[in-house]
Colleague: 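I have a structure I would like to understand better, so I am pasting it below and will then ask my questions one at a time.
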Amino acid sequence: MAAQISEADFEREALSFLEANASPRVEVTQTWGEGSDEVSVLPERTPEEERAELEAAQGWARTRFDAGFGWITGPESLGGRGLPRSYQRLYDGLEGRFDTAPMTPFGIGLGMVAPTILAHATDEVKERYLQSMYRGDIVGCQLFSEPGAGSDLAGLQTRAVRDGDEWIVTGQKVWTSGAQFSDIGEIICRTDPDAPKHKGLTGFVVDMHAPGVEVRPLRQMTGGASFNEVFFTEVRVPDTHRLGDVNGGWTVALTTLMNERAAIGGGSMAGGGSGGTQRLIELVRHQGKAGDALIRQQLAQIIINGRVASYTNLRAMAKIAAGGLPGPEMSIAKMSLTANMQRMGALLASVLGPKLVADGGEWGTFAWSQFVLGIPGMRIAGGTDEILRNIVGERVLGLPKEPVGN
Ligand SMILES: Cc1cc2nc3c(=O)[nH]c(=O)nc-3n(C[C@H](O)[C@H](O)[C@H](O)COP(=O)(O)OP(=O)(O)OC[C@H]3O[C@@H](n4cnc5c(N)ncnc54)[C@H](O)[C@@H]3O)c2cc1C
């Protein structure tokens, strides 16, 4: 086996790759009233904009993968670089200094689905999909939630029935982010309806282009349609595409959910998509409210709590970086983040009043409505506020457990 490249040599190699293929990032300091005033939590895209964003992401993913920086920690036998996580962090820090296409369309596929495939799939599936996912050739989505199963995920009803070397999947999933441009999905199905609910589930990798899969976009109150209903009508899935053991799907789902909390806590959502507190301060000034004692109090609370949320998040990320599993810190980090977003919503309502709900054409005012309308989604995705409070109550504060049904 070849000796592992040193961090210093790796850093040199990565820098010369980035210098040859991307431009250094230029920090743009925005002047009030100039340029785009978009402030959103979940950016709204038309299908054309979404396609262009995906193509740009795929272009960069390919360039990066082919140069050896697309899957730094992945096993060499599967096309990865076989290096420790510290090399990935080093590379991420370097890439952050360059202007590269956002990897948003791969967030769920690479953040949650790929690590689950690596942990639980057959060799055939790992070889078939993992390299292509990290190279940006295919996109993955998460098919967990159903109309009657969200927080209570184990109550899901989509059935998979064995038929020789295949399984026949029938049912409905909902809120599937990115299903409209996904090639594969990680689906959890009920395979034993008579077993206790956590013990009758099995995970699979399903081909989103297979006959019987129908994706219907769901329009959000912000105007866009970034998630979908997905219907499965007798979709055939080979047994080789099973994740983990038959009826062992709960363990598979937990692997994905652990990675989901880590991705939300450590990813772009950690910044709250707020466009920065600076923008909020500028707004207060430009609306003539900088001298208002109550508004100043509200603003100070947001800045203090934003700082606390980001430190909690850093603490949780440091634990993961040191080899620990995402634990209750992730729940606390996500709760602090969404609580602060709510404070921002309240401040915006006080400062803007009717300008928040009616577009009078004034730059940087009505644009905040996108942000405010996106906050409820953040309070739900990746574990609702109430569920996270239950986790913290039980696992951190040691309160009695909620009664669990069958
Ligand atoms: C932006 C966004 C993206 C998403 N993307 C995906 C995706 O890609 N794939 C996917 O599978 N799903 C996705 N989801 C769905 C998400 O996982 C679910 O919405 C979430 O798990 C909540 O489930 P639910 O909507 O069924 O609400 P429910 O579970 O029905 O909850 C309804 C209300 O009851 C409360 N509640 C429920 N149980 C308890 C309890 N035990 N104690 C106290 N209160 C309780 C909840 O907090 C909530 O207020 C996404 C959601 C959002 C908002």
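What's counted below: heavy atoms across the whole structure, side chains too, no hydrogens, waters or symmetry copies. What you see is a predicted model; the values in this text were computed from it and never measured. One-based numbering, in listed order, for ligands and for the atoms of each.
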Colleague: Taking atom CZ of Arg296 as the centre, report whether more than 12 heavy atoms of other residues, nucleotides or ligands fall under 6.0 Å from it.
Modeller: no
Colleague: Considering only heavy atoms, which protein residues lie less than 4.0 Å from any atom of ligand 1?
Modeller: Ile108, Gln142, Phe144, Ser145, Gly150, Ser151, Trp175, Thr176, Ser177, Phe227, Gly377, Ile380, Ala381, Thr384, Glu386, Ile387, Asn390, Glu402
Colleague: Taking the six-membered ring for Trp and the single ring otherwise, decide whether the centroids of Tyr87 and Phe69 are under 6.0 Å apart.
Modeller: no
Colleague: Evaluate whether atom CZ of Arg307 has more than 12 neighbouring non-hydrogen atoms of other residues, nucleotides or ligands under 6.0 angstrom away.
Modeller: no
Colleague: Which pairs would a plain distance check flag for residues 14-24, meaning a side-chain donor or acceptor within less than 3.5 Å of a matching protein atom at least two apart in sequence or in another chain?
Modeller:
from  : atom 1 : to    : atom 2 : distance (Å)
Ser16 : OG     : Glu13 : O      : 3.2
Asn21 : ND2    : Phe17 : O      : 2.8

Colleague: Is the number of heavy atoms from other residues, nucleotides or ligands under 6.0 Å of Arg162 CZ greater than 12?
Modeller: yes
Colleague: Any salt bridge linking Arg242 with Asp239? Criterion: basic side-chain nitrogen under 4.0 Å from a carboxylate oxygen.
Modeller: yes
